[in-house]
A.B. asks: 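Mind having a look at this structure? Questions to follow.
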Amino acid sequence: MPGFTLTHIQFTDADLSEDPELLEYYQAILKLKPRLENVLQCLNEQPEQLTQLDSFIKEIETAISDAQTDNTSSLKPTIIKYILTDPDANLEPKVPDTGTKACQAFQHLVFACHLCPIKKLALFDCNPQLFIDNVNEGKNIITASGWPSFIYNLDQFDPNDLTKGLMRGLLLLQVFRHIFTSPFSALSGHQNATKPCITHLHGLKEVTPRTIGYACVQVTVVSISIMNMTIANTGNGDMKILDK
């Protein structure tokens with residue numbers, strides 16, 4: 001990939017070699033939009049077009065942000081169905097319709113269980129309410145580096161081998177289907193034949209580490225966005241484990 005300029009910043013092949021993920025992202029985008037490289041290069045070779053290049057990139061960023069917001073908004077009304085083993089059952093205890101954020105996640109037993117780090121799940125099971133109280137009082141810190149239990153199939157989970165059951169959780173599977181095939185398919189596992197799914201629209205032919213990671217993030221974002229809670233950020237997520 002040739003070096004390119006964004007206003008006053010020059011990016012070179014050397015920069016990309018130092019951060020290979022940038023090149024990986026770029027190549028993934030090119031698979032979806034092969035002509036993008038020519039467009040960027042043409043804009044870059046004409047100094048008078050740099051403002052347009054910046055505007056073009058801002059439009060891409062806006063589109064990404066809008067897509068993420070749309071996914072989050074569509075999941076909020078349905079996540080309770082996905083979080084229950086039986087989607088026709090009622091969530092107990094019920095979520096209070098107070099209009100406030102402090103009514104789910106670590107204010108709610110079921111959400112707390114799913115967001116609880118898998119390594120702390122046994123402690124949670126011993127005394128769920130005490131665990132929740134300690135989280136809310138800051139005595140038990142939940143960080144982004146702690147793998148939440150919802151990403152696991154707990155029937156396969158082995159505390160001595162954290163790869164068993166990893167990325168096999170039912171909630172994660174249903175949210176993945178909701179986003180990448182359709183809300184209709186989330187519970188049924190079958191695609192609505194009358195509407196093309198997002199995978200077809202964007203040329204996604206297989207499940208990838210980043211599509212799994214995106215679904216994980218959406219579960220967490222939706223859960224914490226409807227209650228008064230913050231997950232401590234400990235750095236960038238490691239995508240390598242998802243390759244397994």
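As the structure is a computational prediction, the values presented were derived from the model and not from experiment. Note: hydrogens, waters and symmetry copies are ignored here, and every other heavy atom, side chains too, is used.
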A.B. asks: Nearest 0.5 Å, what's the CG-CZ distance between Leu172 and Arg177?
C.D. replies: 11.0 Å
A.B. asks: Starting at OG1 of Thr163, measure out to CZ of Arg168 and round the result to the nearest 0.5 Å.
C.D. replies: 10.0 Å
A.B. asks: Applying ring-ring contact (aromatic ring centres under 6.0 Å, His included), name anything that partners Phe150, two or more places apart in sequence or on another chain.
C.D. replies: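 Not a single residue meets the ring-ring contact (aromatic ring centres under 6.0 Å, His included) criterion with Phe150.
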A.B. asks: So do Phe157 and Leu166 actually touch side chain to side chain, heavy atoms under 4.5 Å?
C.D. replies: no
A.B. asks: First locate atom NE2 of His108, then atom CD1 of Ile80, and finally report the distance between them rounded to the nearest 0.5 Å.
C.D. replies: 7.0 Å
A.B. asks: Checking Asn160 now: which residues fulfil side-chain contact (heavy atoms from CB on, under 4.5 Å) with it, not counting sequence neighbours?
C.D. replies: Asp158
A.B. asks: So which atom in Pro77 and which in Ser74 form the shortest heavy-atom distance, rounded to 0.1 Å?
C.D. replies: CD-O, 3.4 Å
A.B. asks: For Leu173 and Tyr82, run side chain to side chain contact (heavy atoms under 4.5 Å, CB included): C-alpha distance rounded to whole Å, both residues' side-chain angles, the deciding distance at 0.1 Å, then the answer.
C.D. replies: CA-CA 9 Å; Leu173 173 62; Tyr82 303 154; over 6 Å; no
A.B. asks: For Val207, what residues pass the side-chain contact (heavy atoms from CB on, under 4.5 Å) criterion, not counting sequence neighbours?
C.D. replies: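 Partners of Val207 under the side-chain contact (heavy atoms from CB on, under 4.5 Å) test: Phe176, Thr211, Ile212.
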A.B. asks: Quick one: do Leu121 and Cys113 satisfy side chain to side chain contact (heavy atoms under 4.5 Å, CB included)? Show the steps, please.
C.D. replies: CA-CA 7 Å; Leu121 189 58; Cys113 180; 4.1 Å; yes
A.B. asks: Keeping to residues at least two apart or across chains, list the side chain to side chain donor-acceptor pair (under 3.5 Å) pairs with something in residues 112-135.
C.D. replies: Lys120-Asn140, Gln129-Asp133
A.B. asks: Over all heavy atoms of both residues, which pair between Gln174 and Leu187 is shortest? Give the atoms and the distance, please.
C.D. replies: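 Reported closest heavy-atom pair: NE2-CD2, 3.4 Å.
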A.B. asks: Check the pair Val219, Leu171 against side chain to side chain contact (heavy atoms under 4.5 Å, CB included), reporting the backbone distance first and the verdict last.
C.D. replies: CA-CA 8 Å; Val219 173; Leu171 173 60; 3.8 Å; yes
A.B. asks: When rounded to the nearest 0.5 angstrom, what is the spacing between CD1 in Ile118 and CG in Leu162?
C.D. replies: 8.0 Å
A.B. asks: For Leu115 and Pro148, work out which heavy atoms get closest and say how close.
C.D. replies: O-CB, 3.8 Å
A.B. asks: Does Leu130 share a hydrophobic cluster with Phe124, counting links as ILVMFWY side-chain heavy atoms below 4.5 Å and allowing steps through other members?
C.D. replies: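 Cluster IDs for Leu130 and Phe124 differ.
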A.B. asks: Mind checking the CG-CZ spacing from Leu123 to Phe131? Nearest 0.5 Å is all I need.
C.D. replies: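 Separation between the atoms: 5.5 Å.
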A.B. asks: Give me each pair satisfying salt bridge (charged side-chain N to carboxylate O under 4.0 Å, His left out) with a member in residues 55-68, each pair once, sequence neighbours excluded.
C.D. replies: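 For residues 55-68: none.
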A.B. asks: What distance separates Ser223 OG from Lys76 NZ, expressed to the nearest 0.5 Å?
C.D. replies: 10.5 Å
A.B. asks: Identify which one of Ile79, Val217, Val222 satisfies the side chain to side chain contact (heavy atoms under 4.5 Å, CB included) criterion when paired with Thr72.
C.D. replies: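 Running side chain to side chain contact (heavy atoms under 4.5 Å, CB included) over Ile79, Val217, Val222 with Thr72 returns exactly one hit, Val222.
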A.B. asks: For the pair Ile179 and Leu75, evaluate side chain to side chain contact (heavy atoms under 4.5 Å, CB included) and give the outcome as yes or no after the intermediate values.
C.D. replies: CA-CA 8 Å; Ile179 296 170; Leu75 280 167; 4.2 Å; yes
A.B. asks: Using the side-chain contact (heavy atoms from CB on, under 4.5 Å) criterion, which residues pair with Ser65? Sequence neighbours excluded.
C.D. replies: Thr69
A.B. asks: Would a hydrophobic clustering, with Ile, Leu, Val, Met, Phe, Trp and Tyr connected at side-chain separations under 4.5 Å, put Leu170 with Tyr214?
C.D. replies: no
